[in-house]
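For reference, the structure discussed in these notes is given below.
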Amino acid sequence: MNSMRVTDHPILGTLENKKQVTITFDDVPYPAFEGDTIASALLASGVRTLRHQEDKGTPRGIYCNIGHCFECRVRVNGKNTVRACLTPVEGDMRIESGGEL
Amino acid sequence: MIDLVIVGAGPAGLGAAISAAEYGLEVCVLDEFVKPGGRLLGQLHEEPDGKWVNGIAEAQKLYYRALQLGVKIKCGVSVYDIAKLESGWCVYTTDQIYETECLLLATGASETPIPVPGWTLPGVMSIGAAQVMGNVHRVKPGEKGIIIGVNVLSVAIARELQLCGVHIESILLPQSSFVSGDSAHPEKMMESLLRLTHLAPSPLIRFGGKWVNPKIGARLYPRNGFKMWGIPIQLRKTALEILGEYQVEGVRIADISATGEVVPGTEKVLSADFVCIAGGLTPMSELASVAGCSFRYIPELGGHIPIHNECMQTNLKGLYVAGNITGVESAKVARAQGTVAGLSVARELHAIKQRADEIIDIAKKEVIDTRRNALIQFQAGIEREREELYDKGNNVFEEKISV
Ligand SMILES: Cc1cc2nc3c(=O)[nH]c(=O)nc-3n(C[C@H](O)[C@H](O)[C@H](O)COP(=O)(O)OP(=O)(O)OC[C@H]3O[C@@H](n4cnc5c(N)ncnc54)[C@H](O)[C@@H]3O)c2cc1C
Ligand code: FES
């Protein structure tokens, strides 16, 4: 799909043909593979900033990638505080970054 | 009421599910991650005989075996509270409430953060985050990375990232003012790295492992570091600040003395598009503390440990622990501990009709053997500390737990 994907790996092998779906992040469409989390799909397209800190507006992305730190919280289909690193993508998923309050 | 609910589908949780289900128990495993396997999923190690251990394949084997035995495994479910019932335990999750006779906490370990200035910038992540991105999701964390924190895990994962086609510019130390403990101390880090020498293809570090003691090692240590798999490991450089406006652009570094002080006038900037922070692992035991377990602080095991005996029982009836929640060790040890926990639960629920103690003793011995043969020793002194814990523990348990 693009250069951030590890398509061929010397030990883990080649990624088989994965089914592609489209998600939107702040109204921009992005391609994703089935089995991706929101965080991995966006990073594959080079998107690192998932939200802006409520107080200061500084940009934030993933930190732990396994659900511990809540740094990656986004809004998914209208639901707040969803962890992007733990949430599998689905076709037409609508994701919004949290912004400055 | 279910016989056994297990929190965590890592090697410990799945190992326990398998051994309990083999004795006919009804078992349900809950995990908040998208796939079963826990931290085993990201692991990729080359054994001394040159064979690669692929954590994803290992995890899949455990998962299928558990399914075959009728274990229910639910992913994407977080457990946020547990409470003691008159008989058994109540488990509160984002999915539903479960009631169970016995409860096993196999929640693993979490990474200790190091608050280096600039660490909230997008592109800064824990070393485990990069491992999961690359090996599990198959997305590079970036093209060119710098790793802050030198330990067995960060060096092993640097190698894995390299296999994903990522360039690692440097592995260096955090500044002593950002951490407590040894992670900013070159001599101490040399000592910890020497535990990894059997994995290292680099003659320098192998050489070191044989007869250089850590003190001399850190002093003689070349200012520009040495390389493992072509990755510069720089025990005499420290990260002062992570730089970037909207995301990581680089790291400001400086030379340090053998005891960790910054050498004035040696500052420079390395460019990178991502930074990993490797602060080490600590048992994730919040749920055990919510339940009211007693704890002991054991640095060799990674921090505060819920007190348990060698059968993996805590001091609360029907509550068990296994895997990295009981101390940071490798995945095979976690799995072997899981087996013991599953068997102990089966014994408590009278599902093992004959020779229960004997069967559990064999499984306990397997844990010790696995520990001795483990490829990665996270800390020195694990076995000694465990023995002491279990010696003390057994007295406490004789009074409180009747099986
Ligand atoms: C980032 C990281 C990288 C590691 N890399 C290596 C390595 O390369 N080599 C090595 O030998 N060891 C490594 N380890 C050590 C690792 O912990 C062990 O190898 C092994 O995976 C421990 O097994 P476990 O079953 O105890 O826990 P884990 O494998 O960590 O599994 C615990 C599971 O519990 C789940 N969980 C936790 N809390 C909850 C909750 N409240 N609700 C629902 N689910 C929950 C988690 O999602 C996770 O899947 C690493 C550990 C970490 C944290
Ligand atoms: S990155 Fe830590 S919870 Fe998602």
Side-chain angles (χ1 to χ4, degrees), chain A residues 1-16 18 31-53 55-72 79 81-90 97, chain B residues 31-35 38-39 41-42 44-46 51-57 75-76 78 107-111 113 119-143 160-166 244-248 273-274 277 284 286:
Chain A
M1 190 146 53
N2 66 43
S3 67
M4 292 292 272
R5 289 273 174 197
V6 185
T7 316
D8 297 299
H9 189 288
I11 290 120
L12 297 172
T14 302
L15 280 189
E16 330 97 71
K18 292 217 168 181
F33 283 153
E34 229 167 41
D36 263 331
T37 60
I38 294 173
S40 70
L42 290 176
L43 184 60
S45 294
V47 177
R48 289 195 184 278
T49 301
L50 298 175
R51 65 183 181 96
H52 289 85
Q53 208 243 351
D55 254 1
K56 297 189 187 126
T58 48
R60 295 295 160 92
I62 60 154
Y63 181 75
C64 74
N65 206 18
I66 53 170
H68 298 167
C69 72
F70 281 78
E71 280 295 293
C72 64
K79 190 169 171 242
T81 325
V82 175
R83 284 170 284 180
C85 71
L86 284 189
T87 308
V89 294
E90 283 165 19
S97 63
Chain B
D31 197 302
E32 62 183 354
F33 197 60
V34 288
K35 293 176 187 161
R39 303 291 76 83
L41 285 173
L44 203 55
H45 296 306
E46 195 175 7
K51 262 208 220 115
W52 284 88
V53 183
N54 170 353
I56 295 178
C75 289
S78 301
T107 47
S110 64
E111 287 186 71
W119 76 311
T120 59
L121 276 172
V124 181
M125 63 192 84
S126 73
I127 188 77
Q131 183 187 42
V132 169
M133 254 326 161
N135 294 350
V136 182
H137 300 313
R138 301 287 291 267
V139 176
K140 291 188 222 176
E143 299 294 347
E160 294 169 20
L161 290 172
Q162 205 177 34
L163 293 171
C164 288
V166 173
E245 193 175 356
Y246 301 108
Q247 58 183 50
V248 171
D273 67 343
F274 78 104
I277 292 186
M284 208 160 69
E286 284 82 356

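Sequence lines set the chain letters: A, B, ... in the order given, protein chains first and strands last, and positions in each chain run from 1. Worth saying up front: this structure is predicted, and the values here are computed from it rather than measured. The figures that follow rest on heavy atoms only: side chains count, while hydrogens, waters and symmetry mates do not.
When heavy atoms are compared at a cutoff of 4.5 Å, T58(A) does not approach chain B at all. With a 4.5 angstrom heavy-atom cutoff, L44(B) touches chain A only via side-chain atoms. Both the backbone and the side chain of E32(B) come within contact range of chain A, with heavy atoms under 4.5 Å apart. For Q131(B), no part sits under 4.5 Å from any heavy atom of chain A, backbone or side chain. Both the backbone and the side chain of A39(A) come within less than 4.5 Å of a heavy atom in chain B.
Highest contact tally toward chain A, considering only L163(B), N135(B), V166(B), is held by L163(B) [criterion: heavy-atom pairs under 4.5 Å]. Between chain A and the residues V132(B), V248(B), V136(B), the largest count of heavy-atom pairs under 4.5 Å involves V132(B). Between chain A and the options T120(B), N54(B), I56(B), V34(B), the largest number of non-hydrogen pairs under 4.5 Å is found for T120(B).
For the pair R138(B) (side chain) and T7(A) (backbone), a donor-acceptor distance under 3.5 Å is present.
Two residues are said to be in side-chain contact when any heavy atoms from C-beta on lie closer than 4.5 Å; S40(A) and M133(B) meet this criterion. For the pair C64(A)/E111(B), no side-chain contact is recorded, criterion being any heavy-atom separation below 4.5 Å from C-beta on.
Checked by atom type, the side-chain pair R83(A)/S78(B) shows a donor-acceptor distance below 3.5 Å.
Remark: S110(B) pairs with H68(A), T282(B), M284(B) by the side-chain contact (heavy atoms from CB on, under 4.5 Å) rule, at least two apart or across chains.
The two atoms that bring D273(B) and R48(A) nearest to each other are O-NH2, 3.3 Å, heavy atoms only.
Residue pairs meeting the salt bridge (Lys or Arg N to Asp or Glu O under 4.0 Å) criterion with at least one partner in residues 60-69 of chain A, sequence neighbours excluded, are R60(A)-E71(A).
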